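Encoded as structure tokens, the structure appears first; notes follow it.
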Amino acid sequence: MADATPPERDRTIDFLRAASILAVVCGHWLVATIQRTPHGIEVGNVLSDVSGLRPVTWVFQVMGVFFLVGGFSTRRAIEGRTAFDSGAFFAARAERLLRPTVVFIVAWLGAATVLTAFDVDAALVHDVARIAAQPLWFLAVYLVVTLIAPVQLHIHRSAPLALVIGLPVVVVGLDALRFSHVLPGLAVLNYLFVFAFAQELGFHFAGRANPIPIRGALTVAAVALGVLAVLSTVGPYPVSMVGLPGARVSNMSPPTVCILVLTVAQTAVLLALRPTLARWLERGGPWTFTVAINAGIMTIFLWHLTAAAAMGGFFYSVNWLPAPASAPWWGAKIPWFLGCLAILVPLVLLTVGVERMPSWTRAQRGAAARRALGALVAVRGLAGFALTGFNHLLDPGGRAFLGPQLSPLVDLILVAGGYLLACGIPRRGAGRRPSTADDGSR
């Protein structure tokens, strides 16, 4: 795949996609803490104990970069086709996200059921299954942002600055409602608006013919970081760009204007580094590694917390639980990372074939409304899993979302049913292997 890369491909976009997911993986593995309490296992975040580490999240919180990359690829994919069809676009994107996700969910529901049947510590199974399900919230948001992409791109073409200016205003307004306790529930819409802004930056990124001057990009980055510093010290926002257990305010649940400003800062830094990155990625080693990560990027993202949860269960079972942020705890991070990696690699090798299977949506066109509805049905199921986890197959639990509490079995039916609505029924001989150019990063 690396050798077959077309010369016009923008390799920096592929690198940013891979690097953003690897940053998420390493960030989650780095901050996780596990403690034994009178109530059982307690999973936490070292940032709760060491406030001085919280600015590190300004580097590792890169979800905005991932949505920016998605916006870049979406614009190139749409404009690279002579006759764009929104139904085909929705089907292809839903297939890419949901096919490995359905396998992941089924595997975890089965594993949780087996563990419970063998009388494994119920609290441990619950916590491990809940942690493993957390990546699904991101996929739910990504699907929604993907569904609005064609309309958003149309607005972008008509008025290129409208959403760059309008979306931050909306985000700030929803934050104001949240902090004033006037309809604070509306702040959940910032999951859409903040990451739609990142997607909008991706549209602009893809449409530029000339590079942005490095000095200008660094100036924008410095201003954005200054604004972020003010918002998180003088303003009402926390320094941490990830949610912390027990915190009064989270910058990610739902996202605040801080995540939007952080995305601007990170984008500006990346624009300044882009020429250097492009030259580096012409080398065989870095580019081959980038292609390899992108070939299984969904699989890596889905299973990385499973690896951490399994390693955490092992540490808990052998009672190797140093106090968070202590010298022994930091020392244990080396075997922790190696153990997580040793679990993740086989999981990826075992399941990545699902992600790399031939696509069956290539010949499908039309039915955009049905496909969008199917994706939204799947979103409801994904959000349910993210809130409740995978155990207690038939029992509703966790928090309600867009309606009553549902059991994991019902959430599975929603995800699988939504997948079939969006992608259709597979037909023999309809698929082909995905290539490095499938996502439009050209």
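None of these values were measured; they are calculated from a predicted model.
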Worksheet item: CD/E200 to OG1/T263 distance, rounded to the nearest 0.5 angstrom?
Response: 13.5 Å

Discussion item. Once rounded to the nearest 0.5 Å, what's the spacing between atom CD1 of I343 and atom CH2 of W303?
Written reply: 12.0 Å

Fill in: Donor-acceptor contact below 3.5 Å, side chain R370 vs main chain L421
yes

Worksheet item: Going by heavy atoms in the side chains, are D175 and N190 under 4.5 Å from each other?
Response: yes

Fill in: Over all atoms of both residues, closest heavy-atom pair of R371 and C423
NH1-C, 3.9 Å

Discussion item. Return the CD1 to CZ distance between I297 and R96, rounded to the nearest 0.5 Å.
Written reply: 10.0 Å

Worksheet item: Applying side-chain hydrogen bond (donor to acceptor under 3.5 Å, both in side chains), which residue pairs with at least one partner in residues 412-423 are found, sequence neighbours left out?
Response: none

Practice prompt. Please check if the side chain of D85 supplies one atom and the backbone of G366 the other of a donor-acceptor pair under 3.5 Å.
Written response: yes

Fill in: Smallest separation among heavy atoms of R54 and S48, with atom names
NH2-O, 3.5 Å

Item to complete: Would you please indicate if the ring centroids of W280 and F15 are separated by under 6.0 Å?
Response: yes

Worksheet item: Can you find a heavy atom in the side chain of F197 that is under 4.5 Å from one in the side chain of V264?
Response: yes

Fill in: Residue that, paired with F67, satisfies ring-ring contact (aromatic ring centres under 6.0 Å, His included) out of Y191, F203, F193, Y142
Y142

Item to complete: Taking the side chain as every heavy atom from C-beta outward, state whether W137 and V141 have any atom pair closer than 4.5 Å.
Response: yes

Practice prompt. Hey, could you give me the OG1/CD distance between T146 and Q199, rounded to the nearest 0.5 Å?
Written response: 6.5 Å

Discussion item. Counting C-beta onward and ignoring hydrogens, is there a side-chain heavy-atom pair between F337 and L30 closer than 4.5 Å?
Written reply: yes

Fill in: Backbone N/O of P254 and side chain of R178: donor-acceptor pair under 3.5 Å
yes

Response to the item:
Taking every heavy atom of V249 against every heavy atom of P238, the minimum-distance pair comes out as O-CG, 3.5 Å

Worksheet item: Between the side chain of N251 and the main-chain N/O of I259, is any donor-acceptor distance below 3.5 Å?
Response: no

Practice prompt. Could you tell me which residues satisfy ring-ring contact (aromatic ring centres under 6.0 Å, His included) with F89, sequence neighbours excluded, listed by chain and number?
Written response: F84

Discussion item. Side chains of M298 and I21, heavy atoms from C-beta outward: is any pair under 4.5 Å?
Written reply: no

Worksheet item: From R274 CZ over to I13 CD1, what is the distance, rounded to the nearest 0.5 angstrom?
Response: 6.0 Å

Discussion item. With a 3.5 Å distance limit and no angle check, can you tell me whether Q134 reaches the backbone of L305 through a side-chain donor-acceptor pair?
Written reply: no

Worksheet item: Is there side-chain contact between F385 and L139, with at least one heavy-atom pair below 4.5 Å?
Response: no

Worksheet item: Quick one: do D14 and R17 make a salt bridge, cutoff under 4.0 Å?
Response: yes

I'd like a table of donor-acceptor pairs (distance under 3.5 Å, sequence neighbours excluded) in which one partner is a side-chain atom from residues 58-65, with atom names and distances.
residue	atom	partner	partner atom	Å
W58	NE1	V239	O	2.8
Q61	OE1	M63	N	3.3
Q61	NE2	M241	O	3.0

Worksheet item: Do F104 and F390 have ring centres separated by under 6.0 Å?
Response: yes

Discussion item. Using side-chain heavy atoms (C-beta onward) and a distance below 4.5 Å, is L136 in contact with L302?
Written reply: yes

Worksheet item: Aromatic rings H304 and W29: how do their planes relate, parallel, tilted or perpendicular, breaks at 30° and 60°?
Response: tilted

Worksheet entry | Minimal non-hydrogen separation, A112 against T116, with atom names | O-OG1, 2.8 Å

Practice prompt. Would you indicate whether the side-chain heavy atoms of L143 and L98 approach each other to under 4.5 Å?
Written response: yes

Worksheet entry | Check: M357 main-chain N/O paired with R99 side-chain donor or acceptor under 3.5 Å | yes

